[in-house]
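Below is one structure, written out as structure tokens, with a few remarks after it.
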2 protein chains.
Amino acid sequence: MAKTSATIRDVARAAELSVASVSRVLNGKDNVHPDTRERVLEAVRALGYTPNAAARSLSTARTHALGVVLPDLHGEFFSELMRGIDRAASAHGYFPLLSSMHADGVLAGQAMAAMRGRVDGLLVMAPQLDAADLAAALPTGLPTVLVNCQGEDRHHAFRVDNRAGVRLMVEHLLACGRRNIVHIAGIEDNLDASERRDAFSEVMAELAPDQPARILQGDFQEATAGRLVQELLADDVPFDAIFAANDMMALGALQALREAGIDVPGRVAVAGFDDVPLARFLSLSTMRVDIDGLGARATERLIEEMEGRADAPAFERLTPGLMARGTTQASN
Amino acid sequence: MAKTSATIRDVARAAELSVASVSRVLNGKDNVHPDTRERVLEAVRALGYTPNAAARSLSTARTHALGVVLPDLHGEFFSELMRGIDRAASAHGYFPLLSSMHADGVLAGQAMAAMRGRVDGLLVMAPQLDAADLAAALPTGLPTVLVNCQGEDRHHAFRVDNRAGVRLMVEHLLACGRRNIVHIAGIEDNLDASERRDAFSEVMAELAPDQPARILQGDFQEATAGRLVQELLADDVPFDAIFAANDMMALGALQALREAGIDVPGRVAVAGFDDVPLARFLSLSTMRVDIDGLGARATERLIEEMEGRADAPAFERLTPGLMARGTTQASN
DNA sequence: GGCGGGTATGTAACCGGTTACAGTCATCGG
DNA sequence: CCGATGACTGTAACCGGTTACATACCCGCC
């Protein structure tokens, strides 16, 4: 009801004590007389007092917020990641402060700079920035953990092990008897996209050197993949498997094949990457990445770093697991 | 590089000016000599200075952050909502500060209290709280906008028009020749769930008074709906349409029907609510809610309110649109 | 009775910005 | 030549917490 909310001095006055005592009670400090504590709590209740977070931040230099910088805020990947981040953050009394970031390196730097003084640490996911841009954008002197970022060894980093994932899927496709696999790659500058593309070439060269290993340039979008498949069909290019760099493209491919009346998995197998929830429903074979767990672990690590108990920065690679479903093998 | 980052006084010293001038330049104030401005900017650049957000908040009583309180942080609904929120927020220079909230009214109050002094406004979505709990939890004196909350007329509120949506879908099912429609309701205390359930009863009573209008108690979970459908089949209950309170349950029902070898939509039609991305892939008929737009509009309104230009609080209802797909009508 | 030591409390400086108010200086009209 | 006016800049108080340090008090012991 009060026009302006109560301050610690109001509470002190109401309790006939000094601000120091009030502060001590509120922070659960050691030496306070039980009676004093009671008087303070009573006054707090009576005034409906809530400490001002900005003032507290200013004097303690801690905000209890952690910045989360992401390239885009949509899709399953984002929501799963946030879920993990929030779980870990709120377990330790932190709030996630969100910021989306657009492709540009300069804008990325601004987004991060704007968080200075607002957060105690930064969790950054920037698969679209190269190492130099990233290094330039990251603020100095702020605990930072990276997720899916390019080479940067001054900070702890989490990465999906794309190479291992691609290898597992290619092995699976070959084991299913596929010989002519087409890879649909993701956005050109994207780290995951290029790792997956390169791994595909290498693994094919190693495991099936005599087979073609065609690669089409996609962009992680469903519609694009559909179009590419239609072109393949129109050009009469032979193939018996499509391995898309992510699930959305795999679904686009699937749709295009079905519309063309092509039997999946009979004539063509389809595989994706990420295991978005959709995949299970559509029985899409894919590589499962524990995104929620990734978010939680990255956040845990960030909090350790902010609280000064963390070992040296390192890479942590998460190996995805093969989810072999109906689009690569007939159910029997 | 500096151990501790530069303050405005460091900048003032470096530029041989007073803090007031520096502050004026940084805030784009009126009266500053061009030369002065240049000296300040030069010093800022040299020192790599970024203003401390906490200090600024303390003296201006504005944080440029807005609190987003949500019941859970997963699924498409969440990511779409956040997408809209972030788009509107960053367009106006605000950061979303996230907090998930568990069912309990007391915990909800704590979650919101913890945001006091950290945010300039609050966007709350709490479909699981009743009006009294909600009123108790909301902090006073902080601009607030509600999304999908129960009756509360002191704040601006956005709501999905469940009644209108249910009516559209029931009309559609009847138009498709369905006569024996079963509704699978959502979680008991949930606002959307009960509105959809009640609307179903009413609309059926109005449009098809002679037909049965069976209602089963579900919980928004896919598995539960599957089980309920299996029970219907086991008990030989006649029905030719399932209208689930959300898409996930519709999908569970769909799966159970397919496993039982029942032709959809031939023998039984299936419909959901929400239009999650999955729905399109599985050709599920459903009601489309523009969640992204909802988030953006709610945020815009909140910002207007925070900046003191907003008309009286009111309700805004968003009418969902019918997405008639393959599970209610044979493709022809 | 005086003194050491522990406990409980108060005072005031400080965190890093913003801004009201007070100055300084040059210009200009009378 | 003086005062007024306007353009620019500086000083210091203030926002609301935290906390180092000082102080007051009570106890037990020699």
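A quick note: this is a predicted structure, and the numbers were derived from the prediction, not measured. Below, chains carry the letters A, B, ... as their sequence lines are ordered, and counting in each starts from 1. Values reported hereafter were calculated over all heavy atoms of this structure, with side chains retained and with hydrogens, waters and symmetry mates removed.
As a whole-Å value, the separation of K29(B) NZ from dT18(C) P is 8 Å. Rounded to an integer number of Å, the gap from D10(A) CG to dG17(D) P is 9 Å. Remark: P of dG17(C) and CG of L47(B) are 12 Å apart, rounded to the nearest angstrom. Rounded to an integer number of Å, the gap from CZ of R62(B) to C1' of dC14(D) is 19 Å. The distance from atom CZ of R24(B) to atom P of dT11(D) is 11 Å, rounded to the nearest whole Å. Note: CZ (R13(B)) to C1' (dG10(D)) measures 15 Å, nearest angstrom. One interatomic measurement links the two molecules: CD1 of I8(A) to C1' of dT18(D), which rounds to 8 Å at whole-angstrom precision.
Neither OP1 nor OP2 of dG17(C) sits under 4.0 Å from any side-chain N or O of S23(B). A sub-4.0 Å separation between OP1 or OP2 of dG16(C) and a side-chain N or O of R56(B) is absent. Taking 4.0 angstrom as the limit, N52(A) places none of its side-chain polar atoms (N or O) nearer than this to OP1 or OP2 of dC15(D).
Nucleic acid contact for T7(B): sugar-phosphate only, since backbone atoms but no base atoms lie under 4.0 Å from a heavy atom of the residue. Among the heavy atoms of the strands lying under 4.0 Å from S21(B) are primed sugar atoms or P, OP1, OP2 only; no base atom is included. At the heavy-atom level, L26(B) lies nowhere under 4.0 Å from the strands shown.
Nearest nucleotide to the A20(A) side chain, out of dG17(D), dT11(C), dT9(C): dT11(C). Nearest to the side chain of L17(B), among dA8(C), dG17(C), dG10(D), sits dG10(D). When the nucleotides dG17(D), dT9(C), dG17(C) are ranked by their closest atom to the side chain of H33(A), dT9(C) comes out on top. Side chain of V19(A), nearest nucleotide from dT18(C), dG10(D), dA12(C): dA12(C). Residue L58(A) places its side chain closer to dG16(C) than to any other of dT19(C), dG16(C), dG17(D). Out of dT9(C), dT18(C), dT19(D), the shortest distance to the side chain of S18(A) is found at dT9(C).
Between A55(B) and P34(A), the one whose closest nucleotide on DNA chain C sits nearer the 5' end is P34(A). Both T36(B) and P51(A) lie near DNA chain D, and the one whose nearest nucleotide falls closer to the 5' end is T36(B).
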From CA spacing to verdict: side-chain contact (heavy atoms from CB on, under 4.5 Å), Y94(B), T299(B): CA-CA 10 Å; Y94(B) 286 87; T299(B) 305; over 6 Å; no
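Here the CG atom belonging to L41(B) is positioned 11.5 Å from the CZ atom belonging to R39(B), to the nearest 0.5 angstrom. Atom CG of residue N148(B) and atom CZ of residue F77(B) lie 5.5 Å apart, to the nearest 0.5 angstrom. Atom CG of residue L47(B) and atom OG of residue S5(B) lie 10.5 Å apart, to the nearest 0.5 angstrom.
The backbone N or O of H64(B) lies less than 3.5 Å from a partner atom in the side chain of D120(B), making a donor-acceptor pair.
Residue side chain R9(B) reaches the base of dG17(C) through a donor-acceptor N/O pair under 3.5 Å, judged by distance alone.
P71(B) places a side-chain heavy atom less than 4.5 Å from the side chain of M125(B).
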